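All heavy atoms count here, side chains included; hydrogens, waters and symmetry mates do not. Please read all numbers here as calculations on a predicted model, not as lab measurements.
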Number of protein chains: 2
Amino acid sequence: MATSVDTPGRDADRTRAAILFAAQQIFAEKGFVEAGVRDITALAGVNQSLVSRYFGGKLKLFEAALADLLDARLMTDLSRKDFGRRIVAIFTDPRRDRAQPLSVLLGATADSEARAIALRLLRDRVLAPLSGWLGGAEADARAARFMIVSTGFFTYRDLLPLAEFSGPVEPRLRQWLEDAFQAIVDD
Amino acid sequence: MATSVDTPGRDADRTRAAILFAAQQIFAEKGFVEAGVRDITALAGVNQSLVSRYFGGKLKLFEAALADLLDARLMTDLSRKDFGRRIVAIFTDPRRDRAQPLSVLLGATADSEARAIALRLLRDRVLAPLSGWLGGAEADARAARFMIVSTGFFTYRDLLPLAEFSGPVEPRLRQWLEDAFQAIVDD
DNA sequence: CAGTGATGTAAACGCATGTTTACATCACGA
DNA sequence: TCGTGATGTAAACATGCGTTTACATCACTG
């Protein structure tokens, strides 16, 4: 079993996709440095050497994994009316099946090369669209506020799990988060 | 030169202090993972093996370095009146000669062992005093808000330097930071 | 059906890095 | 002054890990 259902012979595209998906999970869970190529390929069920063959190395795989996650663009159909509530709902959705892009991104800060990649993707595919969506003269400062609050939240949920961040978000904290995000669009 | 002034023969205490100070600088600059023992001892001007002899290894050195930084307690003589302004002033003081504790702390998130140490020190020596100082029923939620904003700020200043965070903080962003910190004590 | 390139694997390689060991050298007391 | 322990150093060691290499196996085409 599991030989003709999820393994239709040999398929490079499918193998590549499996590695990419596994990489997103492992990178989100352990961060770039502690995520080993062997961890990723083991989860994907393939040989470790395929990372180099199909992606050109761990670093390129990271770039592909993060870029793919950011392509599921969050900024679409996001109304200004309940911006805060929607953002917090997305960030805390327990049914989410894909890795949180910001988790993967923040997990790259420890490696100088991965950090450079993450920084470029953050600028081009998050901050630029966000700043444009926010508009106005203070767009950049607003986008910075968005990143500060988001990053702080993800850091303590994923990287430094304190009591306040385990399980559902404490109601008063959630309310503050929603207000902080909403204030970014309301001024 | 530099042989009788800063090198008074052999002094274990002085050597130990030199390693500790160098560690704080290097850890703040490069993070725990990319900070090599050889980098630290080179800056201290001593042999690499002394890290293991005097501190018991890189991990213990990290713990000692972070604990020492946190001992320069920030929470003392901090009035509730201009809390926000004072905090931002401390975080952005260009004349500061010691490493920012939060920089060192956030640089440890990539290593699971260093992260555990950082998390414990953060709880015992930052959050507990802060929560006590804030007081009240919502003290923990307030402390969490403080950490979110602080962490977001340091992440983008040290780890993911965007244009908005290089050089002096943009005035409107600084104002928002001050207000956000002040609101934590004012409710 | 044969052959050839694509796909996948196991093992070895190379390198970086924290740690340990063996040895040298200085300081201080008898 | 002599010797002994503390202090410091250079080199070797051990190991984890990304990558490469050599080989096996499947799939498709003529």
Check the interface with nucleotides 17-21 of chain C: list each N/O to N/O pair with the protein under 3.5 Å, or write none.
from, atom 1, to, atom 2, distance (Å)
C:dG18, OP1, B:Lys58, NZ, 3.0
C:dG18, OP2, B:Val37, N, 3.0
C:dG18, N7, B:Arg38, NH1, 2.9
C:dG18, O6, B:Arg38, NH2, 3.2
C:dT19, OP2, B:Lys58, N, 2.9
C:dT19, O4, B:Gln48, NE2, 2.7

Whole Å only: how far is the [atom1] atom of [X] from the [atom2] atom of [N]?
X	N	atom1	atom2	value
B:Arg14	D:dG8	CZ	P	11 Å
B:Lys30	C:dA16	NZ	C1'	13 Å
B:Ile19	D:dT9	CD1	C1'	13 Å
A:Ile40	D:dC17	CD1	C1'	12 Å
A:Glu113	D:dG18	CD	P	13 Å

Quiz item: So, A:Ser79 and A:Asp82: side-chain donor and acceptor under 3.5 Å apart, yes or no?
Solution: yes
Quiz item: Any chance the side chains of B:Thr151 and A:Tyr156 put a donor and an acceptor closer than 3.5 Å?
Solution: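 Checked: B:Thr151/A:Tyr156 side chains pair up, N/O donor to acceptor below 3.5 Å.
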Quiz prompt | Test log, rule ring pair (Phe, Tyr, Trp, His ring centres under 6.0 Å), inputs A:Trp133 and A:Phe146 | solution = CA-CA 12 Å; A:Trp133 185 79; A:Phe146 179 86; 9.1 Å; no
Tabulate protein N/O versus nucleotide N/O from nucleotides 28-30 of chain C, keeping only pairs under 3.5 Å, one per line.
none

Quiz item: Under 6.0 Å from the CZ atom of A:Arg174, do we count more than 12 heavy atoms belonging to anything else shown?
Solution: yes
Quiz prompt | Where A:Val88 and A:Thr92 come nearest, the two heavy atoms and their spacing | solution =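 The pair with the smallest heavy-atom distance is O-OG1, 2.7 Å.
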Quiz item: A:Phe154 and A:Phe91: ring pair (Phe, Tyr, Trp, His ring centres under 6.0 Å), yes or no, with the steps?
Solution: CA-CA 9 Å; A:Phe154 275 97; A:Phe91 283 171; 4.8 Å; yes
Quiz item: Do B:Asp140 and B:Arg145 meet the salt-bridge criterion of a basic N to acidic O distance under 4.0 Å?
Solution: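 No.
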Self-check item: Check: A:Leu59 main-chain N/O paired with A:Glu113 side-chain donor or acceptor under 3.5 Å
Solution: no
